[in-house]
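All figures in this text were calculated on a predicted structure; none of them were measured in a lab.
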Amino acid sequence: MSGRVFVRAPLRTSAVSFPSLLRRRSLIVSVASAAVLTGCSSGSDSAGSGGSTSASARARARAARDSRGLLRQYDAVLAVHPVLAERLRPLRAEVAAHAAAFEEGAASPTATRSPSPTASPSASPTVPADEKSALASLAAAERSLADRRAKALLDAPGELARLLAGVAAAGAGHAYLLTKGDR
C-alpha cells in the first residue's frame, strides 16, 4: 500500500441542496396549479346567460330559506330544552352564518322569506319532549339538508357550488356532533 489517504467528501453537483430543490419544485407546482384553478374558476356566476343567473339567485334564495328553517328548529329546541344551550349555540351560530352567506347573493330579501309548502316562517317546529330525541331530530334535519345541498351543488354554477359543498359538509359535521354523545 502506498501512503495514500482517502478522504470522503460529499459530492455536490450544484450550489442548491436537495431538500431546498424539492421545496422549490413543490412551490412552483403549487403556484402553477393555483393559476390553473384560478383560471378555470375566475369570473362570477353571472358569466353565463341571464337564465343561469336567475337560476343561481333562486338556488341561493332556496338555500337561505332552508338555513333559516333549520335555524328555527335550533331555536325551538333551545326554547324547550335550555339545558342544551351550551352544546347547540356554536352549531346554531354556524347555521346563521350559512344563511347570511346564501342571502348575500340571493335574488331579493323577499325571495328568502317567501313562504313555501315545506317550511312556513310562522309554523313552529315540533320538538320532542326528551333531550336525546330533540338532538336526534336536529341531527336528522341537518343530515337531510346536507344531502339535499350535496345534490343541488351538481347543477349549481362555480361559486355557489363551492358554497353549497362547504355548507353541506358543515351540516354533515353538525349531524355527527349532535349524535356523538349517544354512543
Measure from the side-chain N and O atoms of [X] to the backbone N and O of [Y], and report whether any donor-acceptor pair falls under 3.5 Å.
X: Thr179; Y: Tyr176; result: yes
X: His98; Y: Leu164; result: no
X: Arg60; Y: Glu104; result: no
X: Ser144; Y: Ala140; result: no

Practice task
Evaluate side-chain contact (heavy atoms from CB on, under 4.5 Å) for Glu131 paired with Val77, printing each intermediate quantity in order.
Solution key: CA-CA 9 Å; Glu131 294 170 9; Val77 169; over 6 Å; no
Nearest-0.5 Å distance, [atom1] of residue [X] to [atom2] of residue [Y]:
X: Phe102; Y: Arg62; atom1: CZ; atom2: CZ; value: 11.0 Å
X: Ser137; Y: Leu178; atom1: OG; atom2: CG; value: 9.0 Å
X: Arg162; Y: Leu153; atom1: CZ; atom2: CG; value: 11.0 Å

Exercise for the section: Would you sort out whether Ser67 and Arg149 count as a side-chain hydrogen bond (donor to acceptor under 3.5 Å, both in side chains), showing the intermediate values? Expected result: CA-CA 11 Å; Ser67 289; Arg149 286 181 171 156; 2.6 Å; yes
Handout entry: Pairwise side-chain contact, Leu138 with Leu91, heavy-atom cut-off 4.5 Å (strictly under)
Key =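 No, side chains not in contact.
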Exercise for the section: Report yes if some heavy atom in the side chain of Leu88 is under 4.5 Å from a heavy atom in the side chain of His81; otherwise report no. Expected result: no
Practice task
Would you check, one step at a time, whether the test side-chain contact (heavy atoms from CB on, under 4.5 Å) holds for Asp66 with Leu70?
Solution key: CA-CA 6 Å; Asp66 290 344; Leu70 185 59; over 6 Å; no
Handout entry: Stepwise salt bridge (charged side-chain N to carboxylate O under 4.0 Å, His left out) test for Arg92 and Asp75
Key = CA-CA 8 Å; Arg92 185 203 177 279; Asp75 290 340; 2.5 Å; yes
Problem - Residues Arg68 and Glu103 bridged, charged N to O under 4.0 Å - result: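 Salt bridge between Arg68 and Glu103, a charged N being under 4.0 Å from a carboxylate O: yes.
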Exercise for the section: Sort out for me which residue in Arg148, Glu142, Arg143 forms a side chain to side chain contact (heavy atoms under 4.5 Å, CB included) with Leu145. Expected result: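 The side chain to side chain contact (heavy atoms under 4.5 Å, CB included) with Leu145 is passed solely by Arg148 among Arg148, Glu142, Arg143.
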Practice task
Report yes or no: do Asp130 and Ser133 form a side-chain donor-acceptor pair below 3.5 Å?
Solution key: yes
